[in-house]
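The next block holds one structure in the form of C-alpha cells; read it before the comments.
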Amino acid sequence: MIIGITGTLAAGKDTIASYLQKKGFVHYSLSNILREELKKQGIEENIDNLLALGNKLRQEFGPGILGRKTLEKIKNNKEKKAIASSIRHPKEIEELRKGRNFVLIAVDAPIKIRYKRIQKRKRAGDQVSFEKFKSQEKSQLKGNGTKAQLSKCIKVADYKIINNKSFENLYQNIDKILKN
C-alpha cells in the first residue's frame, strides 16, 4: 500500500507521515528529492527555492517526475507500506497511482493556524512574514502547466482532513482512513 499525502503549507503532512511511520510505513518525501538537489547545488533551502527547483524539474523531465522518482524508490526498496508526501502536481499523483493500492490524503487547516505552525517548527526558510507566507501558498495552489497545482491535487484526494484541532483528533482521522 502507498499512502500519498498532499496539502497546504504547514497543514500537517509531515505529522501524518510521522504517525504512519509508527504504524510500519516507510516515508518518502517528494520535497526531500528537491532538498537533496538544492544541497548538491549549494543553494539555500527555503520555500521559494524548493518551488523553483520543483517547477524546473517538472518542466525539464515532465510534470510527473517527482512522483515517478518516488515510486521507483519505493519499488526498488520493495516497500510493502509506504508514504509519498509533499505531492504538489496532479501528474505526480498519476505516477504514484501506477503503484499498488495507492490512496491520496489531502490535509488543510485555516491559514492563520498554519502560519503559527511554521513559526514554531523553524524549518529552513520558515521565518517569513504572513504576507510572504500567503504569497508562497498562492503560487502553489493555482499553478498551471508544470508548476505546482495544490488545489487540483486536493480536489482529487480520496480523503480530506481539516487539521484544526489536536494531534489526537488528527490521529483518529488517520486511523479511520486506515480502517477503510
Side-chain angles (χ1 to χ4, degrees), residues 1-35 47 50-51 54 63-64 66-67 70-71 74 79-123 125-126 128 130 133-143 147-180:
M1 169 177 242
I2 300 171
I3 295 178
I5 305 172
T6 190
T8 52
L9 289 171
K13 296 179 294 293
D14 287 333
T15 303
I16 292 170
S18 293
Y19 183 69
L20 289 170
Q21 283 179 290
K22 293 174 187 171
K23 295 186 172 287
F25 285 80
V26 178
H27 184 200
Y28 294 87
S29 170
L30 280 67
S31 292
N32 283 347
I33 294 170
L34 302 174
R35 286 184 183 96
I47 296 291
L50 286 164
L51 284 173
L66 298 175
T70 301
L71 185 57
I74 291 168
E79 304 296 357
K80 300 230 185 287
K81 293 168 38 174
I83 306 156
S85 69
S86 298
I87 299 167
R88 288 182 165 76
H89 196 283
K91 293 291 185 184
E92 294 165 351
I93 296 167
E94 283 181 27
E95 290 295 329
L96 289 162
R97 285 205 189 274
K98 293 176 183 176
R100 64 196 178 280
N101 300 327
F102 179 80
V103 174
L104 182 64
I105 299 171
V107 61
D108 195 7
I111 194 165
K112 288 185 180 181
I113 290 173
R114 293 185 290 108
Y115 181 69
K116 286 179 187 175
R117 289 177 184 164
I118 71 157
Q119 298 301 298
K120 287 181 186 175
R121 76 180 181 187
K122 296 183 175 150
R123 186 183 288 168
D126 276 351
V128 297
F130 185 61
F133 181 74
K134 288 192 304 188
S135 169
Q136 289 171 333
E137 176 157 282
K138 185 178 177 185
S139 69
Q140 290 188 55
L141 286 171
K142 303 280 185 194
K147 294 184 178 175
Q149 299 176 29
L150 275 177
S151 291
K152 289 180 182 175
C153 293
I154 292 168
K155 192 179 224 176
V156 300
D158 301 299
Y159 299 94
K160 294 179 177 90
I161 297 172
I162 300 299
N163 182 20
N164 61 351
K165 295 181 182 160
S166 66
F167 286 117
E168 193 55 42
N169 181 263
L170 177 63
Y171 301 153
Q172 287 171 356
N173 281 307
I174 296 303
D175 287 337
K176 285 178 193 172
I177 292 169
L178 289 175
K179 284 179 186 174
N180 288 336

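No experiment lies behind these values; they were computed from the predicted model shown.
Side-chain contact check for Ile93 versus Thr6: every heavy-atom pair is 4.5 Å or farther apart. Side-chain atoms of Tyr28 and Ile33, non-hydrogen and from C-beta on, never get closer than 4.5 Å to each other. Proximity of Ile16 to Ile83: side-chain heavy atoms (C-beta onward) are nowhere separated by under 4.5 Å. Using a 4.5 Å cut-off on side-chain heavy atoms (C-beta onward), Leu150 and Glu137 make no contact. Looking at heavy atoms from C-beta onward, Arg88 lies out of side-chain contact with Leu50 at the 4.5 angstrom threshold. Taking the side chain as every heavy atom from C-beta outward, Gln140 and Leu51 approach each other to under 4.5 Å. Contact of the Leu178 side chain with the Leu20 side chain is registered, since non-hydrogen atoms from C-beta on lie closer than 4.5 Å.
Here the shortest heavy-atom pairing between Ala10 and Ile118 reads CB-CG2, 3.2 Å. Scanning both residues, Gly143 and Gln149, for their nearest heavy atoms gives O-CG, 3.2 Å. Contact detail for Leu104 and Cys153: the closest heavy-atom pair is CD2-O, 3.7 Å. Shown here for Asp126 and Gln119, the closest heavy-atom pair between the two residues is O-NE2, 3.4 Å.
A donor-acceptor contact shorter than 3.5 Å links the side chain of Arg117 to the backbone of Ala11. Side-chain atoms of Ser151 come within 3.5 Å of backbone N or O of Leu141 as a donor-acceptor pair. Not a single donor-acceptor pair under 3.5 Å links the side chain of Thr8 to the backbone N or O of Asp108. Without hydrogens or angle criteria, Lys81 side chain to Lys23 main chain gives a donor-acceptor distance under 3.5 Å. Judged by distance alone, with hydrogens and angles left aside, the side-chain atoms of Arg114 form a donor-acceptor pair with the main-chain N or O of Ala109 at under 3.5 Å.
Applying the side-chain hydrogen bond (donor to acceptor under 3.5 Å, both in side chains) test to every pair with at least one member in residues 153-165, sequence neighbours left out, gives these pairs: Arg97-Asp158.
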Go through the steps for Glu95 and Lys98 under the test salt bridge (Lys or Arg N to Asp or Glu O under 4.0 Å), then give the verdict.
CA-CA 5 Å; Glu95 290 295 329; Lys98 293 176 183 176; 3.4 Å; yes
side-chain contact (heavy atoms from CB on, under 4.5 Å) between His89 and Leu66, worked out
CA-CA 9 Å; His89 196 283; Leu66 298 175; over 6 Å; no
Can you check side-chain contact (heavy atoms from CB on, under 4.5 Å) on His27 and Asp14, steps first, answer last?
CA-CA 9 Å; His27 184 200; Asp14 287 333; 3.9 Å; yes
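Separation of atoms CG (Leu30) and CZ (Arg35) is listed at 10.5 Å; rounding is to 0.5 Å. The distance from atom OG of Ser86 to atom NZ of Lys13, rounded to the nearest 0.5 Å, is 5.5 Å. How far CD1 of Ile111 is from CD1 of Ile113: 11.0 Å, rounded to the nearest 0.5 Å. One distance of note links CZ of Phe133 with CG of Leu9; it measures 5.0 Å at 0.5 Å rounding. Put simply, CG on Leu96 and CD on Glu94 are 10.5 Å apart, with the number rounded to the nearest 0.5 Å. A distance of 11.0 Å separates OG of Ser85 from CD1 of Ile105, quoted to the nearest 0.5 Å.
Taking the six-membered ring where tryptophan is involved, the planes of Tyr115 and Phe130 are perpendicular, since the angle between them exceeds 60° and thus also 30°.
Every residue two or more places apart in sequence or in another chain was checked for a side chain to side chain donor-acceptor pair (under 3.5 Å) with Ser29, and none qualifies.
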